[in-house]
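Have a look at the structure below before the remarks.
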There are 2 protein chains.
Amino acid sequence: MKKASERKRNTYHVGNLRVLLLSAAREMLEEVGPTKLSVRAVSDKVGVSCTAAYHHFANRTELVGCLAAKGFDELATVLAEQDRGTPKEEKIRTASLAYFSFARKNPALYQLMFGPEFSDSEMISELQSSRREAFGELKRIVAEYLDKDAQTAEVRGAALAGWSHTHGLASLVIHNVVRPPAEITDERFVDMSLEGFRSIFAG
Amino acid sequence: MKKASERKRNTYHVGNLRVLLLSAAREMLEEVGPTKLSVRAVSDKVGVSCTAAYHHFANRTELVGCLAAKGFDELATVLAEQDRGTPKEEKIRTASLAYFSFARKNPALYQLMFGPEFSDSEMISELQSSRREAFGELKRIVAEYLDKDAQTAEVRGAALAGWSHTHGLASLVIHNVVRPPAEITDERFVDMSLEGFRSIFAG
DNA sequence: GAAAGAATCTTTACAGTGATAAGTTTGGTG
DNA sequence: CACCAAACTTATCACTGTAAAGATTCTTTC
């Protein structure tokens with residue numbers, strides 16, 4: 001009596017549709033772009049009706065917000081990994097590089113994380129805490145670099161500055177506003193910009 | 001024999017629909033947000049059928065691209081104005097402040113200018129040249145600050161760094177990733193970040 | 001000044017989007 | 001086994017970008 005859909009669905013209730021949707025979404029994200037990721041397409045890919053998704057996520061924003069949250073977690077991890085064993089003086093450079101490299105490897109995800117999608121709505125506490133933790137990692141690194149306590153105003157300012165700079169650089173490149181010369185590696189490019197800042201403060 | 005629409009249209013052919021659409025779009029932009037600006041809503045506001053817009057713009061992207069281009073023009077103008085008469089040593093700070101202030105005053109426009117909308121498509125030469133000119137203005141300012149020729153690698157690097165930093169700061173704030181303390185002015189906030197950078201390079 | 005052609009605008013239509021409401025199937029629990 | 005709650009489906013709506021084809025007006029040419 002299965003007049004229902006023609007989809008092959010061995011398991012009717014998957015049980016963990018949520019994670020299936022999320023990983024399908026993550027897979028499609030880089031192909032499709034941050035704005036064009038649709039609930040329907042994701043559901044289709046999993047082999048489920050699109051309204052099924054609305055039983056696990058309040059709306060598209062929440063789905064995509066979880067993706068962004070995972071992005072921040074991943075970013076924090078990468079930063080921590082790359083920082084491990086780095087000598088003090090190199091910490092800022094290494095972190096900047098890891099950050100920039102992460103952004104270049106996952107442009108759509110990065111655009112999502114810092115895009116206009118969540119600027120108004122304060123919901124998705126998961127996203128907010130993941131963000132906070134990623135920034136925390138940054139502050140930790142800067143604190144060690146400066147040999148100061150992480151709660152210091154100086155550390156906070158320096159972390160803000162470093163984050164702004166690297167995020168700005170990544171954002172400009174990802175959005176094709178600035179195009180780094182083809183013959184130059186990401187590493188060189190980040191160094192160029194850091195050097196640029198140094199020369200601003202030299203005078 | 002006017003069985004046509006019920007809209008009041010004294011002048012059937014306006015002649016300059018293009019500019020009308022653009023200014024209507026600009027007006028709505030800040031209310032509606034960069035992603036939710038629709039061709040239909042804009043056309044409605046002008047009092048014209050939505051397909052009429054497609055006689056003046058190839059698609060939504062082009063419409064919104066012209067808006068962004070104008071944004072870059074405006075930004076370049078603001079930078080130039082604020083720079084005029086500023087003593088050499090203050091030029092970077094003044095430019096950063098003017099830039100940041102522009103972004104805060106026109107958040108939606110700013111998001112549009114640096115959003116994912118135009119990252120793939122290379123069209124809209126107007127946008128591209130406006131962008132280039134805005135960056136040119138930045139380079140000019142940095143060149144004067146450093147007392148070097150604008151074509152120098154050093155100037156280019158410093159301009160890139162300065163742009164990245166201020167753009168990053170503006171982007172983080174506009175997207176609510178970082179929330180500047182309420183009691184602090186924009187001016188103080190930018191200074192804080194610049195100070196932060198100085199302390200990074202002090203050691 | 002009239003007729004032809006170009007520009008401009010409208011109606012209609014389609015496919016894809018986020019989202020809701022109401023019904024159906026399933027797994028688990030008494 | 002019966003029932004209930006969770007998971008999923010089928011409509012359906014309002015809205016979006018965009019194309020096609022027809023209508024209206026402006027402009028140019030004779």
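What you are looking at is a predicted structure, and each value in this text was computed from that prediction instead of being measured. First the proteins, then the strands, lettered A, B, ... as listed; each starts at 1.
- The nearest whole Å value for the distance from the CG atom in Leu17(B) to the P atom in dT25(D) is 15 Å.
- Remark: Lys105(A) engages no residue in a salt bridge (Lys or Arg N to Asp or Glu O under 4.0 Å) (not counting sequence neighbours).
- If you take CG of Leu21(A) and C1' of dC8(D), they are 12 Å apart, rounded to a whole angstrom.
- Taking the six-membered ring for Trp and the full ring otherwise, the centers of His167(B) and Phe114(B) sit less than 6.0 Å from each other.
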Q: Please step through salt bridge (charged side-chain N to carboxylate O under 4.0 Å, His left out) for the pair Arg198(B) and Glu154(A), ending with a clear verdict.
A: CA-CA 10 Å; Arg198(B) 197 169 269 122; Glu154(A) 187 182 350; over 6 Å; no
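- Note: Phe100(B) and Phe189(B) have tilted aromatic rings, judged against thresholds of 30 and 60 degrees for the angle between ring planes.
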Q. Can you give the dot-bracket line for DNA chain C, where a pair is Watson-Crick or G-U wobble with both atom distances under 3.5 Å, crossing pairs use [ ], and | marks a partner on another strand?
A. ||||||||||||||||||||||||||||||
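- The distance between the ring centers of Phe197(A) and His165(B) falls below 6.0 angstrom.
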In a table with atom names and distances, give each donor-acceptor pair under 3.5 Å that connects a side chain of residues 76-84 of chain B to protein atoms at least two apart or in another chain.
residue: Thr77(B); atom: OG1; partner: Asp73(B); partner atom: O; Å: 2.9
residue: Asp83(B); atom: OD1; partner: Lys91(B); partner atom: NZ; Å: 3.1
residue: Asp83(B); atom: OD2; partner: Lys91(B); partner atom: NZ; Å: 3.2
residue: Asp83(B); atom: OD2; partner: Arg140(B); partner atom: NH2; Å: 3.0

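- Proximity of His56(A) to the phosphate of dA6(D): no side-chain N or O atom is located under 4.0 Å from OP1 or OP2.
- Rounded to a whole Å, the NE2 atom of His55(A) is 13 Å from the C1' atom of dT10(D).
- Whole-Å rounding puts the Glu117(A) CD to dG18(C) C1' distance at 12 Å.
- The side-chain contact (heavy atoms from CB on, under 4.5 Å) test applied to Lys70(B) returns Leu22(B), not counting sequence neighbours.
- In this structure, Met28(A) places its CE atom 13 Å from C1' of dG16(C), rounding to the nearest Å.
- The salt bridge (Lys or Arg N to Asp or Glu O under 4.0 Å) test applied to Lys45(B) returns Glu27(B), not counting sequence neighbours.
- In this structure a side-chain-to-backbone donor-acceptor pair under 3.5 Å is present from Glu30(A) to Leu109(A).
- One interatomic measurement links the two molecules: CZ of Phe57(B) to C1' of dC9(C), which rounds to 15 Å at whole-angstrom precision.
- In this structure, CZ of Arg18(B) is placed 16 Å from P of dA7(C), rounded to the nearest angstrom.
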Short N/O separations, protein against nucleotides 15-19 of chain D, under 3.5 angstrom:
residue: dT16(D); atom: OP1; partner: Ser38(B); partner atom: OG; Å: 3.3
residue: dG17(D); atom: OP1; partner: Val39(B); partner atom: N; Å: 3.2
residue: dG17(D); atom: OP2; partner: Val39(B); partner atom: N; Å: 3.1
residue: dG17(D); atom: N7; partner: Arg40(B); partner atom: NH1; Å: 2.4
residue: dG17(D); atom: O6; partner: Arg40(B); partner atom: NH1; Å: 3.3
residue: dG17(D); atom: O6; partner: Arg40(B); partner atom: NH2; Å: 3.3
residue: dT18(D); atom: OP2; partner: Tyr54(B); partner atom: OH; Å: 3.1
residue: dT18(D); atom: OP2; partner: Arg60(B); partner atom: N; Å: 2.7

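- In this structure, Asp44(A) places its CG atom 14 Å from C1' of dC8(D), rounding to the nearest Å.
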